[in-house]
Structures are given as structure tokens and as C-alpha cells.
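For the numbers below, each heavy atom of this structure counts, side chains included, while hydrogens, waters and symmetry mates do not.
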Amino acid sequence: MEKKGNGNAWEVEPGLEEPVEKGHWGKPGTRPEDLAKLSSPEDQFEIHWTGRVIKKPKLEDGPQLQEATIQLLDLHQNLCSLFSELGNTDPCDIFCSQNGHKQKEAASDANHRHVSGLLLVCELRRQAAQLGVSVGVVSVKTVLERLMEITERQEENDGDSRREMLTSSQRIKLCVLLESTKELLSQGVLCPKLLWVEYRRDQKHPKLEVVYYLHLYNILTLDYIVESDENVRSWLPCQLKALCGWTPLQEEEETKQVQQKVLSTVAGVLVGAGFEVRPDLAAAERKISLLCRSVLDDMLVWFLDIEEKCGEGSEKWIQTFDASLCGASVSPEALQHFFIHSLTQIFTCNPRLTVSDAVTLQNEWTIAKVSHCLTSLYCKLGVIFSVEQLLHHLQQVLETHEVNWKHILCFVSSLLVYYKAAQPSLRELLSRLLSSAFESYDLENMITAFLLARQGALEGAGLFLSYSDWFKMSFGGCTGYHASSKKSLVFLLKFLSDLVPFEPPLYLKVHILHPPYVPAKHRSLLMEYVTLAKTRLADLKESVEDMGLYEEVSDAGSSLQPQGQAAQDVEKAVSLFESTGRISATVMEAR
């Protein structure tokens, strides 16, 4: 046979094989697994090679035949094409480990990858020798060229101006590339650190899905990326938010699943690095821990900014707080620290509302009126704690921080609605707060007790005491918290008087119809408050006698007629049923 170099092709004698073009494995259609079979003595058949029939080589001829094959490929090979042809291109095989299916022909695949790796390493070494550089540099350059070719190629008729995730075909090609890259890594011809440095040189905002697969294939772990990339704080939160805010097409079920896996995996790594308890952390490790906490805090603030809209972006991030998902990669202690830290961040985020704002707006923060996203987050954060632990932490935050009253009171509502044991625990907390308030005349504890009691009452009699019952129980008798001295009585009446300009009508009516216990000699002090409260009700055009089925805190305006009050009661009952799936105990008792 006479061969003549002619560009990318070979000329052959008539009657022999078809030409072998650049980038192909010997005979057209011959695959790496076919080459692997050449050294297997079990196969009893003849091999057609360059038009001639040759019997199967003996076992001892295997290494020589393999070397000859490698030399043939060395003569004429394109590395990017080689990467394209290496690996398993069957998408079922690529995702079988993720989906829990049995891997097919594991031994054959391993042999296939090994032979493919040998061929690729040989070519990489040859090119490195020609260029006078290390094989690691050529390996990184080749891998990144193929990676860019895969991730930057736009699918026809994609329709997405800004697609945050790979298409299914791109994902398959990426997994094939990473299988080959793992083989290079195992043979010591690829430097992961150099790979990341060079990748980041061109990618200011790396695709999170690519980062996830690098981590999944154990080529570059997320832990390493967080520790080594000095700019991770600038790009990781942005990419997380972008991924949360992007929605795959309805038919892209696989992409939806991968999207949630990416978010959960990144969150798990951040929680582990940020909240694992290690007593002897070095300075560098403490720095990484603070960085991871900072990224998680940034995402939480972003969530709280958009939670009222409760879009898909916020829903996706909520899923990362699932204890079963996030907890799979971190210890129970780290998960507890993270959840408690997150609750503290929520309670203290943007504490712009004053106490007077809270008194006036509290009716808008019931479980039926706030966004489902916020209550869902509270449920996920509270699932690994008891009600007593949660209320104890709430009290600690109230005593040591400026708080966001909306978030505090929504949390109390969530506890009452979703935790059966919440009512007695909350009543115990209120008792402690009132005792402390009257012992030291502490206005902060007094405010907290009244706001928490009113929040419970707003959720309905089936979940907590009505406000009138709580007020009568706390202050209606001679054993009330205020009854021990004139100073305590004055403290209570002055507190109530200061609230009058901001009080919704309901509470003014309760204080007038069910006044606190006052000894006869101090009756004039009570009458001063009653006069002030009645004047305020007259200004609001409210009648003391009008009280509905629910303790609904209405805005300033004219009194409701009986028909209007009944309609409001029905609307409240329906709203509670829609938000909780339960029929209000108040309705059941009123049948």
C-alpha cells in the first residue's frame, strides 16, 4: 500500500479501504471499545484491516498492537475531535448514577475509558513536546477549548435571550468531557488549580451548572473554589440570584431537577463551611467561614426583599432550607446553627418600623394576609426545634436587638397556626414578660407582651385567647400584675394612655368595656384613661358597643352595620380557611 500525505486525507491503492480522515479512529466507524477488543483473547473472530483478513492476534501480541494503534493515532489527530469522541455519549448512562438506576456494563465502560485516556494522554504529551511546554498546560488548554465550545454554543431556535442553564444536549456533552477530564486527572496530566485559574480568566461570572458538575465529578470541588477564588463573594451571590430567577420551559423537567440540585448543593457547601463547629479554626478558615455566612446572608436579604411577591425565584431558594436536602451534606449541629442564625437575620432585617407603626399595622400581618413564602420559610427553619426553643430565641433577640416587628409578629402567627403546642408556650412567655415589666417598670417588655398577645388574638379564638380574655386575665382582678402598688397601676395606665393615638378601635373598646382592676381610692386615674379613649373613639366615629365575631382591627372610619360586620366575619373565616386549610374554631363555636 502506498500512502501519500495529502492535507487531511490519505490516498490508498484501488480496492482497499476507504480513506481515513483526520480525527477518526483508524477505519471509519471504528470506536475505542473496538480497539480495546483487539487485546482481548476471548473474541474468536477475524478482523478486517486495510482490506485484508487477519486472524485475531494472540494474547502476548496485545501490548504491541495497542502501541501500534496509539502510533497510528499520533500521526494524525485533532485533540478537540478526540475529546468529542471519547466517553459515553448515551444520555441514559450519563445520568444513571444521579437517577439511582443500575449502571450498564460497568466493567466494559471502565476499560473503554482507560483505553481512551491512554490515547488522549499520548497525544497530549506529543503536542506538549512539540510546543516545548508541560503536558499540564496543553491538557488545560484543550479541556477549556472543548468546554467553551459546549457551553457557548447556542441551540437553534432556543428562544432564550439569557439562558442560565445548559440544554439537555449541552449537558450530555459536558458530562462526556468531564468523564475524559477525570481520566486525565487520574493519570496525572491535568492540574485542577490551573484549570480553574484559566477558566476564571475568561469567565467573570461562571455558570453555576458548570461549577456544580466540576464538583460532582470531583474535578474541582465547591469547597476548593470558595477557599481559593478571591472574587467568589462578587460573583457567587449574583449567579445564585440569577439561577433562582430563571425558569426552564415547562417541558424541561430534567433541567428543573438539575436546577434545584445545583442550588441545594451550593447551599449545602456554604452552610458546611460557614457553620461547622470547629474549636481550633485557623485565621484562614475563620475568614472562609465568614465569607460563606456573608453569601448566605446576602441571599436571605434578597429573599426578604422579594418575598411579598412570592415569585418562583423566592420559592426556589426556600427549597434550599429543607433540612433533608441541606442536612445531607452538613452535620446536625451546623444545620441548627445555620437555622438559628437565619432566624436572627430575619428578625433584625431592616428594623425601620417603630412600635407605633406595629400597633397600627399589626392587623395586616396575620397568617391570612402575609405572603406564603415567609410563613413557609419559618416552617422550614423551625422544623428541627421545639416551640420552647424557638420562643426562647425570639425573646433573646427582642432583648438584644432592634427588630423588624412585621417579621417578629408573622413568626408568632406561624407558630400558633402550625405548632399545636404553641399556645401554652406563648402564654408562659407573656407571663414572664409582664412579670419582668412590672418588677423593673420595663417599657420594652411591656410593649413586647402586648404586641405578642394581640398577634395571637388576631389568629382567632381556636389558636389563642381573645384579646379581651387575655386583658381581663392579666389585669382584671386584684391579683393582676399591676395590683401590687399605686406605682404599678400608674405604670399600666400611662402605658395605655400613650398608645391611644395609635390604637385601633377594637383595643380601645376592650379597655373601656373590661377595664383593669383599680382600687376605689384610685378610681380617678382610670376615669382619666376612659375619657381619653372615648374621645379617640368619637374622633374615629366608632361606637363602643360594636364588636364582631373576630377581634378584627379595623382602620379609622365609620362603624359597621350588623350586616356589614357579618360580611366581614365571613370574609375573615374564608381567608383563614384558604391560608391554613382549617375551619376556624371561632366559626365552629358560633354554629
Between [X] and [Y], does at least one N-O distance fall below 4.0 Å, as a salt bridge requires?
X      : Y      : value
Lys256 : Glu252 : no
Lys182 : Glu179 : no
Lys173 : Glu149 : no
Arg233 : Asp298 : yes
Glu209 : Arg171 : yes

With a 3.5 Å cut-off and no angle check, do the side chains of [X] and [Y] form a donor-acceptor pair?
X      : Y      : result
Asp442 : Ser436 : no
Gln319 : Gln260 : no
Asp357 : Thr354 : yes
Thr344 : His393 : yes
Ser425 : Glu388 : yes

Student check: side-chain heavy atoms of [X] and [Y] closer than 4.5 Å:
X      : Y      : result
Val137 : Ser134 : yes
Val359 : Ser356 : no
Trp302 : Cys244 : yes
Glu459 : Val417 : yes
Lys261 : Leu216 : no
Arg163 : Thr255 : yes

Has Gln170 got a side-chain atom pairing as donor or acceptor with Ile150's backbone, closer than 3.5 angstrom?
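Yes: the side chain of Gln170 pairs with the backbone of Ile150.
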
Between the main-chain N or O of Leu451 and the side-chain N or O of Gln362, is there a donor-acceptor pair closer than 3.5 Å?
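Yes, because the side chain of Gln362 sits within donor-acceptor range (under 3.5 Å) of the backbone of Leu451.
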
Set out, in order, the CA-CA distance, both residues' side-chain angles and the distance that settles side chain to side chain contact (heavy atoms under 4.5 Å, CB included) for Phe303 and Cys373, then state yes or no.
CA-CA 9 Å; Phe303 167 83; Cys373 287; 4.0 Å; yes

Applying side chain to side chain contact (heavy atoms under 4.5 Å, CB included) between Ile346 and each of Asn404, Leu381, Val301, report the one that passes.
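Going through Asn404, Leu381, Val301 one by one, the side chain to side chain contact (heavy atoms under 4.5 Å, CB included) with Ile346 is satisfied by Leu381 alone.
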
[atom2] on [Y] to [atom1] on [X], rounded to 0.5 Å:
X      : Y      : atom1 : atom2 : answer
Glu428 : Leu430 : CD    : CG    : 10.0 Å
Ser314 : Ile306 : OG    : CD1   : 4.5 Å
Ser264 : Tyr212 : OG    : OH    : 9.0 Å
Leu147 : Leu214 : CG    : CG    : 7.0 Å
Leu452 : Gln395 : CG    : CD    : 9.5 Å
Leu178 : Leu184 : CG    : CG    : 11.0 Å

Which class fits the ring pair Trp317 and Phe321: parallel under 30°, tilted 30 to 60°, perpendicular over 60°?
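It falls in the perpendicular class, over 60°.
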
Between Phe411 and Phe347, what is the ring plane arrangement, given parallel below 30°, perpendicular above 60°, and tilted in between?
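Phe411 and Phe347: perpendicular rings.
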
Run the side chain to side chain contact (heavy atoms under 4.5 Å, CB included) test on Tyr441 and Met446 for me, step by step, so that the C-alpha distance in whole Å, both residues' side-chain angles and the decisive distance to 0.1 Å come before the verdict.
CA-CA 8 Å; Tyr441 302 104; Met446 193 76 161; over 6 Å; no

Run Leu296 and His341 through side chain to side chain contact (heavy atoms under 4.5 Å, CB included) and show every step you take.
CA-CA 10 Å; Leu296 291 167; His341 174 83; over 6 Å; no

Start with the C-alpha gap between Val211 and Val266, add the side-chain angles, then the distance that decides, and say whether side chain to side chain contact (heavy atoms under 4.5 Å, CB included) holds.
CA-CA 9 Å; Val211 173; Val266 174; 6.0 Å; no

In terms of heavy-atom contacts, does [atom1] of [X] have more than 12 from other residues, nucleotides or ligands at under 6.0 Å?
X      : atom1 : result
Gln250 : CD    : no
Gln396 : CD    : yes
Arg278 : CZ    : yes
Lys316 : NZ    : yes
Glu251 : CD    : yes

